[in-house]
Amino acid sequence: MAPSRELTNARRRDAAKLTRGFRSVCVFLFAMSGVINVLALTGSLYMLQVYDRALTSGSVQTLMALSALAIGLYLFQGAFDVIRSQVLVRVGARLDEEIAPIAHRVAIDMPRFGFSSAEALERGRDVDTVRGFLGGQGPSALFDLPWIPLYLAFVYFLHPWLGALTFAGAFLLTLLTVLSEVLTRRLNGTTRQAAIVRNTIADSNARNAEVLKAMGFAGRAVDRFDGANREHLALQTQANDLIGTFGAISRVLRMILQSAILGLGAYLTIKGELSAGAIIAASVASARALAPVDLAIANWKSFVAARLAFGRLRETVVALSQAVEPMKLPTPAKYLKVDKITVAAPGSGQVLLSEVSLDLSAGTALGVIGPSGGGKTTLVRALTGIWPTLRGSVRLDGAELGQWPEESLGRSMGYLPQEVSLLDATVEENISRFDPRVDAADIVAAATAAGIHEMIVRLPNGYKTQLGPQGTSLSAGQRQRIGLARALYGKPFLVIMDEPNSNLDGEGEAALRTAIEAVKERGGIAVVVAHRPSALVAVDFVCVIQNGKLTAYGPRNEILSSATGQGARSTTQPEMPTAAPFPAHFNAKHERVSA
Ligand SMILES: Nc1ncnc2c1ncn2[C@@H]1O[C@H](COP(=O)(O)OP(=O)(O)O)[C@@H](O)[C@H]1O
Ligand SMILES: [Mg+2]
């Protein structure tokens with residue numbers, strides 16, 4: 001399907017954002033390099049004048065004047081050089097400032113589109129690579145390259161043969177550069193892929209450290225890492241060898257060329273076609289002409305890396321461009337309508353949920369039950385907009401999720417994921433979702449609703465306690481309840497909880513029940529995925545999701561009684577008894593709890 005015109009424009013706009021203001025700086029740097037290169041002819045001209053004028057005339061005065069002039073010009077050149085490198089460093093910083101937030105944003109979105117998280121993290125490194133290159137020596141060399149003809153012309157003016165020789169040398173060196181580029185391009189791609197594989201393994205080992213330790217397979221995990229590391233190393237060595245070889249060849253070539261120019265100059269002088277001063281001048285000018293080629297070759301690796309990094313950044317930014325920033329809509333308050341949604345896994349495209357329809361109005365709660373792997377979490381991902389729907393729509397008050405600006409939709413959405421992971425920040429920041437206009441009363445209200453206020457104030461720094469990476473300093477139950485508080489913060493219209501009671505004790509379950517009732521009371525909608533019946537006491541409707549389909553949906557008591565036996569052999573759900581998540585005594589227990 002061809003992208004719409006709107007999307008194409010958005011992509012163009014987002015790609016342009018990366019290089020805003022870059023072109024005019026490039027023109028400036030190019031002009032500046034021109035001035036520097038003209039000034040760099042000073043050395044050659046000085047030699048020429050000293051040998052051919054001062055020495056032949058024997059005038060000390062001329063020598064003094066020439067020297068003073070040369071020193072002045074050298075100082076100018078130095079000053080311009082300093083300015084140019086400072087501008088380049090600032091361009092790097094500016095680019096970083098512009099790109100880093102975009103790249104980070106994109107990295108957050110990437111896993112939803114089927115990229116691995118290691119691949120997503122690469123985007124951050126890409127920004128570093130680009131900035132590092134711009135701060136180094138490479139760019140000056142690149143800006144000097146177009147000015148090589150200036151020196152060639154100068155040498156040619158001294159003697160056409162010398163000009164031809166220098167030109168041939170520059171041509172040969174450039175050819176070498178192109179050749180090394182062609183040979184390393186493919187290799188660079190595979191090396192990078194190998195690095196991602198290696199980093200993914202390292203990342204997964206680090207996250208599973210406790211399991212590796214307890215069951216003693218850390219050694220084998222290291223072996224797995226070692227294999228990937230070796231592969232990466234082998235490719236890296238190959239690439240480095242190639243670049244090193246080309247570097248050596250070009251250096252040798254340059255030395256030969258340097259002597260060849262002197263030799264040719266001497267020959268021409270013997271033949272009486274050239275002055276002694278011109279030999280030196282030609283040698284100096286040709287050396288200067290070839291220096292940028294040399295530098296460019298030396299910095300080729302970082303140049304290629306920076307270009308690939310920038311290309312990747314551009315590509316991902318363009319690929320994940322949103323068509324248009326949606327218009328602001330009034331806060332949803334009426335209903336949630338799920339219309340025949342089909343959901344596929346990002347990346348693989350495998351359909352995990354098909355043709356599910358639900359209808360909930362304000363002040364009601366829905367329980368979602370079904371066997372493991374049936375598609376409950378997939379439904380939750382579609383309801384929260386984490387995964388896009390392949391077909392069908394999820395609407396709040398009539399407007400599809402995509403029509404809401406992300407930030408304002410987020411404020412109307414409370415989400416407690418199945419695996420709660422907290423951000424490396426304080427309890428307060430986690431609950432308030434980094435809200436800058438935070439109100440302490442709202443945070444306490446959310447924590448109280450989640451039944452965790454008392455526990456938080458008992459922490460050493462209360463709400464200001466730092467949680468550390470992924471909140472691992474807390475127990476699973478505590479994390480889940482802070483996650484619940486985060487979902488309830490700001491009284492969002494739609495609160496979605498994916499197995500919220502999996503780690504809760506009796507007290508936590510009571511808090512959960514109260515929280516669901518509170519959401520209903522204030523006119524919100526709660527969706528609760530549950531494995532244990534205790535979480536379903538407060539819901540009005542229940543739906544059963546299995547094998548990626550909605551197999552039953554209706555008022556709680558009807559569905560639950562059929563799920564526990566009596567209605568199980570009804571014509572609509574022939575498979576229910578075996579797949580039912582609840583034990584047979586569920587109904588009895590449930591009645592007791594709600595009584
Ligand atoms: N990111 C994913 N990519 C591909 N398949 C997935 C992904 N997440 C879940 N699945 C598959 O989707 C099916 C439903 O998973 P899920 O919705 O998590 O089940 P439930 O929450 O009901 O236990 C499972 O077969 C699972 O393997
Ligand atoms: Mg699940």
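Values below: every heavy atom of this structure, side chains too, minus hydrogens, waters and symmetry copies. Atoms within each ligand, like the ligands themselves, are counted from 1 in listed order.
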> Any idea which protein heavy atom is nearest atom 21 (O) of ligand 1, and the distance to it?
Replying inline: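 The closest heavy atom on the protein side is T377 OG1, 2.7 Å.
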> What protein heavy atom is closest to atom 10 (N) of ligand 1, reported as residue, atom name and distance in Å?
Replying inline: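 Scanning the protein heavy atoms, the shortest distance from atom 10 (N) of ligand 1 goes to L352 CD1, 3.6 Å.
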Is there side-chain contact between [X] and [Y], with heavy atoms separated by less than 4.5 Å?
X: K334; Y: S361; value: no
X: I525; Y: V519; value: no
X: V528; Y: N501; value: no
X: L512; Y: I516; value: yes
X: D540; Y: K520; value: yes

> Under the 3.5 angstrom rule, does the side chain of S357 hit a backbone N or O of K340 as a donor-acceptor pair?
Replying inline: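 Yes, S357 side chain to K340 backbone: donor-acceptor pair under 3.5 Å.
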> Distance-only, no hydrogens or angles: does the D397 side chain make a donor-acceptor pair with backbone N or O of Y335 under 3.5 Å?
Replying inline: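 Answer holds: yes.
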Please verify whether a non-hydrogen atom of [X] lies at under 4.0 Å from ligand 1.
X: P371; result: yes
X: G373; result: yes
X: R381; result: yes

With nothing but distance in play, are any N or O atoms of [X] less than 3.5 Å from an N or O of ligand 1?
X: Q350; answer: no
X: T378; answer: yes
X: A345; answer: no
X: W387; answer: no

> Can you tell me how far CD of E428 sits from CZ of F434, rounded to the nearest 0.5 angstrom?
Replying inline: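 With rounding to 0.5 Å, CZ (F434) is 11.0 Å from CD (E428).
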>> Just checking E419: does its CD atom have more than 12 heavy atoms from other residues, nucleotides or ligands closer to it than 6.0 angstrom?
In response: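 Incorrect, the count does not exceed 12.
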> Within a reach of under 6.0 Å around CZ of R230, are more than 12 heavy atoms found that belong to other residues, nucleotides or ligands?
Replying inline: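 Atom CZ in R230 is not crowded, with 12 or fewer foreign heavy atoms closer than 6.0 Å.
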> Is at least one protein non-hydrogen atom found at under 4.0 angstrom from atom 26 (C) of ligand 1?
Replying inline: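 Under 4.0 Å from atom 26 (C) of ligand 1, zero protein heavy atoms found.
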>> Under 4.0 Å and counting heavy atoms only, is there anything from the protein next to atom 19 (O) of ligand 1?
In response: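 Protein heavy atom within 4.0 Å of atom 19 (O) of ligand 1: present.
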> Can you list the atoms of ligand 1 that are under 4.0 Å from a heavy atom of K376?
Replying inline: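 Those of ligand 1 that fall under 4.0 Å from K376 are 17 (O), 19 (O), 20 (P), 21 (O), 22 (O), 23 (O).
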>> Please list, in number order, the atoms of ligand 1 under 4.0 Å from a heavy atom of S372.
In response: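 It comes down to these atoms of ligand 1: 23 (O).
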> Is any N, O or S atom of S372 under 2.8 Å away from the Mg ion (ligand 2)?
Replying inline: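 Short answer: no, not a single N, O or S atom is under the cut-off.
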> So does Q418 have any N/O/S atom less than 2.8 Å away from the Mg ion (ligand 2)?
Replying inline: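 Yes, within the cut-off.
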